[in-house]
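Worksheet: the structure to be examined is printed underneath.
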Amino acid sequence: MQHRIMPVVFDAGNSVQQATSIWRSMRPVIERYQCTNCLICWIYCPEPAIYKDGDGLVQIDYEHCKGCGICAEECPRKAIRMVVEHD
């Protein structure tokens, strides 16, 4: 078993400066054919992990995603599914 050092967030609003993905056991994957780029997932995401790219498509920043699954739960089209994270 590999031990990892967990990041500590001391100040509110500074999680964008931390890589918060190392404790993730599940990760969200966007099903492009179902996603309408409505950004409901962005509204509910507790981290700065969801954004629109230059083409206007919703993307996930896996460096900041903690794998909480809120985006998948709140997506009205169920266009986000959670999959097992691989080391």
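These numbers were taken from a predicted model, which means no experiment stands behind them.
- Note that CZ of R77 is 13.5 Å distant from CD1 of I30, once rounded to the nearest 0.5 Å.
- Hydrophobic clustering keeps I43 apart from Y51 (ILVMFWY residues linked when any side-chain heavy atoms are closer than 4.5 Å, directly or through intermediates).
- The nearest pair of heavy atoms linking I80 to P28 is CG2-CB, 3.5 Å.
- Of the possible donor and acceptor atoms, none in the side chain of E47 sits under 3.5 Å from a partner among the backbone N and O of H64.
- Without hydrogens or angle criteria, R27 side chain to C65 main chain gives no donor-acceptor distance under 3.5 Å.
- Shown here for C41 and V58, the closest heavy-atom pair between the two residues is SG-CG1, 3.9 Å.
- For the pair W42 and C71, the minimum side-chain heavy-atom distance is 4.5 Å or more.
- Not one N or O on the side chain of D55 forms a donor-acceptor pair closer than 3.5 Å with the backbone of L57.
- Counting only heavy atoms from C-beta outward, the side chains of V83 and M26 never approach each other to under 4.5 Å.
- Here salt bridge (Lys or Arg N to Asp or Glu O under 4.0 Å) pairs that include residues 30-41, with residues two or more places apart or in two chains, are E31-R81.
- Annotation for R24 and Y62: closest pair NH1-O, 2.8 Å, computed over non-hydrogen atoms.
- Heavy-atom neighbours of Q34 CD from other residues, nucleotides or ligands within 6.0 Å: above the threshold of 12.
- Atoms NZ and CG, from K52 and L39 in turn, are 4.5 Å apart once rounded to the nearest 0.5 Å.
- The distance from atom CE of M82 to atom OG of S25, rounded to the nearest 0.5 Å, is 7.5 Å.
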